Amino acid sequence: MIKKLLLLALCFALLSVAICDNSISISQIQTGSWEGHSAWEVTLVNTGTRPIIDATLVAESNLILDKPENIWSMELISPNKYHFPSWITQNGGLNNGTKHTFGYINNSGTPAVFSVCDVRN
Ligand SMILES: *[C@@H]1O[C@H](CO)[C@@H](O)[C@H](O)[C@H]1NC(C)=O
Ligand SMILES: CC(=O)N[C@H]1CO[C@H](CO)[C@@H](O)[C@@H]1O
């Protein structure tokens, strides 16, 4: 009985959360560079058909921050995992066709690699 309930709960979880889905596009441009550091502006666009309340952004590799403040307009969940700032979520999310930009300064000359997971509509 418990097992069945757990299975049911899991199914609902899978239905409501698209894992690493592609309804967000990610692009970044370099906005500065100096002494082994580089600054980047990342644009997340909701390319889906529904507002996105929240999403998890995973820095897959190459994100080396000298200090936590070196990434802004995203909130830290756990090391290398970020999510939308609360003001987006509180305002009903990121509408389809709209974008959110955030920035970071990496301790290097190349951009970090990001992917988006756990998109909540
Ligand atoms: C948002 O999605 C709706 C369908 O739900 C679509 O009709 C509309 O064109 C989309 N808007 C943008 C700006 O992509
Ligand atoms: C995102 C990025 O620039 N990655 C670099 C960050 O800095 C470290 C250390 O210099 C590099 O190894 C990464 O390539």
Side-chain angles (χ1 to χ4, degrees):
M1 182 63 190
I2 301 266
K3 259 191 190 162
K4 265 193 184 156
L5 280 179
L6 281 178
L7 198 64
L8 202 65
L10 184 68
C11 288
F12 274 117
L14 289 177
L15 277 179
S16 58
V17 174
I19 295 167
C20 293
D21 88 355
N22 53 9
S23 63
I24 292 186
S25 74
I26 307 174
S27 58
Q28 21 187 352
I29 55 165
Q30 188 167 355
T31 54
S33 88
W34 66 96
E35 289 166 10
H37 290 68
S38 53
W40 299 84
E41 184 183 271
V42 189
T43 302
L44 304 174
V45 179
N46 178 356
T47 57
T49 54
R50 287 182 295 164
I52 292 173
I53 305 301
D54 200 358
T56 303
L57 181 88
V58 181
E60 302 281 1
S61 65
N62 229 5
L63 183 68
I64 296 162
L65 304 174
D66 286 345
K67 45 187 183 189
E69 308 87 81
N70 279 2
I71 187 165
W72 53 91
S73 296
M74 288 299 273
E75 281 175 7
L76 185 70
I77 305 175
S78 58
N80 289 328
K81 277 194 180 175
Y82 297 86
H83 76 135
F84 284 177
S86 50
W87 51 265
I88 291 188
T89 303
Q90 281 160 7
N91 284 318
L94 189 65
N95 282 322
N96 67 326
T98 67
K99 64 181 184 177
H100 172 58
T101 52
F102 69 94
Y104 66 93
I105 295 170
N106 190 47
N107 181 4
S108 115
T110 56
V113 176
F114 292 109
S115 67
V116 171
C117 287
D118 300 340
V119 170
R120 266 206 301 130
N121 288 113

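Numbers for residues simply follow the sequence, beginning at 1. The model shown is predicted, which means the values in this text are computed figures rather than measured ones. Keep in mind that the numbers below use all heavy atoms, side chains included, and drop hydrogens, waters and symmetry copies. Just follow the structure's listing: the first ligand is 1, and inside any ligand the first atom is 1.
Closest heavy-atom approach to atom 2 (O) of ligand 1 within the set N95, T98, N96: this belongs to N96.
A donor and an acceptor atom, one from each side chain of H100 and N46, are nowhere located under 3.5 Å apart.
In this structure, the side chain of N91 does not engage the main chain of G93 through any donor-acceptor pair within 3.5 Å. No donor-acceptor pair under 3.5 Å is formed between the side chain of S23 and the backbone N or O of T47.
Less than 4.0 angstrom separates atom 7 (O) of ligand 1 from none of the non-hydrogen atoms of the protein.
In this structure, Y104 and F114 have perpendicular ring planes: the angle between them is above 60°, well past the 30° mark.
For atom 5 (O) of ligand 1, the closest non-hydrogen atom on the protein side is T49 O, 3.0 Å.
The G97 neighbourhood of ligand 1 comprises atoms 13 (C), 14 (O), with distances under 4.0 Å to a heavy atom of that residue.
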